[in-house]
Amino acid sequence: SVNGLWLTGFNIEGDATRMSISGATLSPDLVPGYILRLNNEAALRGKTFSSLNMQLPKAEAGKQAPPQYLEFVLQSVAGGETENSGAGKR
């Protein structure tokens with residue numbers, strides 16, 4: 001585990017060629033180290049992560065203080081896809 005970083009979702013599609021991992025972190029600097037640790041996991045060897053999106057969570061109604069964390073989503077590339085194959089889609 002990484003102190004200050006937690007997972008909120010994990011999705012595997014098909015034969016595990018497409019994966020997404022979502023979570024939150026108190027510091028964006030923790031995410032690259034977490035990704036490096038994932039690369040050392042036997043179950044994830046050979047998997048390529050192609051995108052990382054980070055954003056502030058949506059404000060909750062009635063709350064004035066901004067959240068003190070960031071949400072992130074890490075996504076893999078399916079076999080045969082390249083990073084540019086999804087260009088224009090957001």
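One finds the CG atom of L74 at 8.5 Å from the OG atom of S20 (value rounded to the nearest 0.5 Å). One distance of note links CG of L5 with CG of L70; it measures 10.5 Å at 0.5 Å rounding. Residue L38 holds its CG atom at 11.5 Å from OG of S76, rounded to the nearest 0.5 Å.
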field: Candidate pair V31 and M54, rule side-chain contact (heavy atoms from CB on, under 4.5 Å), full reasoning
entry: CA-CA 10 Å; V31 178; M54 298 180 82; 3.7 Å; yes

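In terms of hydrophobic clustering, with Ile, Leu, Val, Met, Phe, Trp and Tyr side chains grouped at heavy-atom distances under 4.5 Å, V73 and L44 are assigned to different clusters. No continuous path of hydrophobic side-chain contacts links L36 to F10 [ILVMFWY only; heavy atoms under 4.5 Å].
If you chain together ILVMFWY residues whose side-chain heavy atoms come under 4.5 Å of each other, Y69 ends up grouped with W6, L26.
F72 places a side-chain heavy atom less than 4.5 Å from the side chain of L52. A 4.5 Å side-chain heavy-atom check between K47 and M19 finds at least one atom pair inside the cut-off.
For residues 23-46, no residue pair satisfies the side-chain hydrogen bond (donor to acceptor under 3.5 Å, both in side chains) rule, not counting sequence neighbours.
Remark: S22 engages T8 in a side-chain hydrogen bond (donor to acceptor under 3.5 Å, both in side chains) (not counting sequence neighbours). By the salt bridge (charged side-chain N to carboxylate O under 4.0 Å, His left out) test, E13 pairs with R18, sequence neighbours left out.
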